[in-house]
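Working notes, structure below.
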Number of protein chains: 2
Amino acid sequence: MHYTRDNMASLLRSHDINPTHQRIEIAHALFSRQEHLSADQVMAIVNTRHSETSKATVYNTLKLFLEKGLVREVIVDPSKVFYDPNTSAHHHLYEVDTGKLSDIDATHVHISGLPDLPAGMVTEGIDLIVRVRRAG
Amino acid sequence: MHYTRDNMASLLRSHDINPTHQRIEIAHALFSRQEHLSADQVMAIVNTRHSETSKATVYNTLKLFLEKGLVREVIVDPSKVFYDPNTSAHHHLYEVDTGKLSDIDATHVHISGLPDLPAGMVTEGIDLIVRVRRAG
DNA sequence: TCATCGATCTGGACTTTGTCTAATTTCCGG
DNA sequence: CCGGAAATTAGACAAAGTCCAGATCGATGA
Ligand SMILES: [Mn+2]
Ligand SMILES: [Mn+2]
Ligand SMILES: [Zn+2]
Ligand SMILES: [Zn+2]
């Protein structure tokens with residue numbers, strides 16, 4: 001599977017998102033890299049060649065992608081949100097010095113002993129973040 | 001154990017923090033409530049009677065408490081950091097609709113199968129956040 | 001008591017991230 | 001082509017947090 005802009009259009013349609021030029025570029029930025037990007041980083045990538053997409057559209061589009069389940073939010077840095085094209089169950093390793101964020105496959109990770117949820121509540125997600133730093 | 005201001009002064013000294021009026025008030029706000037508070041909330045509590053403590057001091061003091069290990073940061077809401085007077089190992093339950101944050105005792109929670117850390121890295125902490133919302 | 005001086009506190013300017021809105025542009029069916 | 005809905009835009013705005021130069025505090029010792 002190649003992350004062409006045509007494939008991005010199909011991906012968007014399959015998530016019930018009308019594929020526009022800007023949405024395709026933003027999806028392409030995220031999916032072709034398979035990295036965790038902030039809104040600012042997406043903005044910079046999308047506007048490298050020439051300015052094409054406004055700040056408002058970048059924020060609106062990322063929120064739309066999130067609602068439609070195309071991407072996931074990662075809240076780990078107190079100053080900005082990261083958007084994650086990987087929506088399969090996984091956890092995160094965060095290097096606090098550098099801000100580098102990487103995935104931890106969830107298939108071998110087991111979490112047990114969590115208490116029952118409060119009545120009438122349903123789990124939206126379980127985020128596990130391993131914060132690491134250089135030894136010394 | 002009563003959370004008097006005198007006890008706050010001792011607590012601060014035991015963490016190598018010079019106990020000033022402002023620091024005692026801020027510590028008292030956190031420890032007497034045993035709640036997760038944002039900087040803004042601390043500011044409001046400390047200045048209820050009459051304005052005593054500036055924004056800069058609230059932020060500086062919370063950062064100092066964090067460095068000295070007196071409180072812990074909880075990063076769960078994309079728009080603000082929460083400060084936690086409970087520094088024992090525990091996890092968090094976050095109600096995404098209301099913003100309500102509560103503790104999950106870690107003694108019965110087991111996490112297994114995490115991969116080895118990258119070489120030269122040491123764990124600073126493992127944050128487990130259960131995000132919940134109203135069913136329906 | 002009083003002067004001194006390092007530590008602390010302060011107002012307010014500034015930055016960054018994100019939101020909002022009214023106006024414009026694009027897209028598409030008829 | 002035309003009309004309307006959907007999408008995009010610039011830029012004003014808001015909230016959280018940082019920074020700094022100057023004011024203040026409070027322990028010390030003359
Ligand atoms: Mn282009
Ligand atoms: Mn008071
Ligand atoms: Zn990820
Ligand atoms: Zn807690």
Side-chain angles (χ1 to χ4, degrees), chain A residues 5 8-9 12-13 15-30 36-47 49-68 70-84 96 99 101, chain B residues 5 8-9 12-13 15-29 36-47 49-68 70-71 73-84 96 99 101:
Chain A
R5 284 169 175 76
M8 289 302 99
L12 293 178
R13 270 185 223 100
H15 284 258
D16 202 24
I17 298 167
N18 195 8
T20 65
H21 184 78
Q22 288 88 341
R23 288 168 181 176
I24 287 168
E25 289 300 320
I26 291 171
H28 186 255
L30 282 160
H36 307 88
L37 300 177
S38 67
D40 235 35
Q41 288 175 308
V42 168
M43 177 96 160
I45 290 167
V46 160
N47 289 331
R49 289 163 176 265
H50 46 96
S51 183
E52 288 180 83
T53 306
S54 70
K55 184 171 66 147
T57 296
V58 169
Y59 279 97
N60 289 343
T61 300
L62 289 171
K63 189 173 287 182
L64 178 69
F65 286 4
L66 186 67
E67 284 164 14
K68 297 295 189 178
L70 184 63
V71 302
R72 155 180 179 182
E73 245 178 0
V74 183
I75 297 166
V76 73
D77 179 314
S79 73
K80 61 178 72 109
V81 172
F82 288 102
Y83 293 88
D84 191 344
V96 295
L101 186 58
Chain B
R5 284 169 175 76
M8 290 301 99
L12 293 178
R13 271 187 222 99
H15 284 259
D16 201 25
I17 298 167
N18 195 6
T20 65
H21 288 328
Q22 288 87 344
R23 289 169 182 176
I24 288 169
E25 288 302 318
I26 291 171
H28 187 254
H36 306 89
L37 300 177
S38 67
D40 235 36
Q41 288 175 308
V42 168
M43 176 96 160
I45 290 167
V46 161
N47 290 330
R49 288 164 175 263
H50 46 95
S51 183
E52 288 181 83
T53 307
S54 70
K55 184 172 65 147
T57 295
V58 169
Y59 278 97
N60 290 342
T61 299
L62 289 171
K63 190 173 286 182
L64 178 69
F65 285 5
L66 187 66
E67 283 164 13
K68 298 294 190 177
L70 185 63
V71 302
E73 244 179 2
V74 183
I75 297 166
V76 72
D77 178 315
S79 73
K80 61 178 71 109
V81 172
F82 288 102
Y83 292 88
D84 190 344
V96 295
L101 185 59

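We name chains A, B, ... by the order of the sequence lines, and we start the count at 1 in each one.
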For nucleotides 14-17 of chain D, tabulate all protein N/O to nucleotide N/O atom pairs closer than 3.5 Å, reporting atom names and distance.
residue: D:dG17; atom: OP1; partner: B:Val81; partner atom: N; Å: 3.2
residue: D:dG17; atom: OP2; partner: B:Tyr59; partner atom: OH; Å: 3.1
residue: D:dG17; atom: N7; partner: B:Lys55; partner atom: NZ; Å: 3.4
residue: D:dG17; atom: O6; partner: B:Lys55; partner atom: NZ; Å: 2.9

Please tell me if the side chains of A:Glu52 and A:Gln22 come closer than 4.5 Å, counting only heavy atoms from C-beta onward. no

If the condition is side chain to side chain donor-acceptor pair (under 3.5 Å), which residues does A:Glu73 pass it with, not counting sequence neighbours? none

Measure the distance from NE2 on A:His50 to C1' on D:dT9 and round it to the nearest whole Å. 17 Å

Residues at least two apart in sequence or cross-chain that pass side chain to side chain donor-acceptor pair (under 3.5 Å) with A:Asp77, listed by chain then number, are A:Ser79, A:Tyr94

Short side-chain to backbone donor-acceptor contact, A:Asp84 and A:His36, under 3.5 Å: no

Within a strict 4.5 Å, meaning less than it, do heavy atoms of the B:Arg23 and B:Ile17 side chains meet? yes

Are any protein N/O atoms closer than 3.5 Å to N/O atoms in nucleotides 2-8 of chain D? If there are, list each pair with its distance.
residue: D:dA7; atom: OP1; partner: A:Asn18; partner atom: ND2; Å: 3.4
residue: D:dA7; atom: OP1; partner: A:Arg23; partner atom: NH1; Å: 3.2
residue: D:dT8; atom: OP1; partner: A:Thr20; partner atom: OG1; Å: 2.5
residue: D:dT8; atom: OP1; partner: A:Gln22; partner atom: OE1; Å: 3.1
residue: D:dT8; atom: O3'; partner: A:Gln22; partner atom: NE2; Å: 2.9

Can you name the closest pair of heavy atoms from B:Ile75 and A:Pro78 and give their distance? CD1-CD, 3.7 Å

To the nearest angstrom, the CD-P distance between A:Glu25 and D:dT9 comes to 12 Å

Which atoms form the tightest heavy-atom contact between A:Gln41 and A:Phe82, and what is the distance? OE1-CE2, 3.9 Å

Pick out which of B:Leu62, B:Leu12, B:Val71, B:Ile45 makes a side chain to side chain contact (heavy atoms under 4.5 Å, CB included) with B:Ile26. B:Leu62

So where does chain A start and stop touching DNA chain C, 5' to 3', when the test is distance under 4.0 Å to a non-hydrogen atom? C:dT17 to C:dC20

Tell me, please, which residues at least two apart from B:Thr20 pass side chain to side chain donor-acceptor pair (under 3.5 Å). none

Indicate yes or no: at least one non-hydrogen side-chain atom of A:Tyr83 is less than 4.5 angstrom from one of A:Val42. no

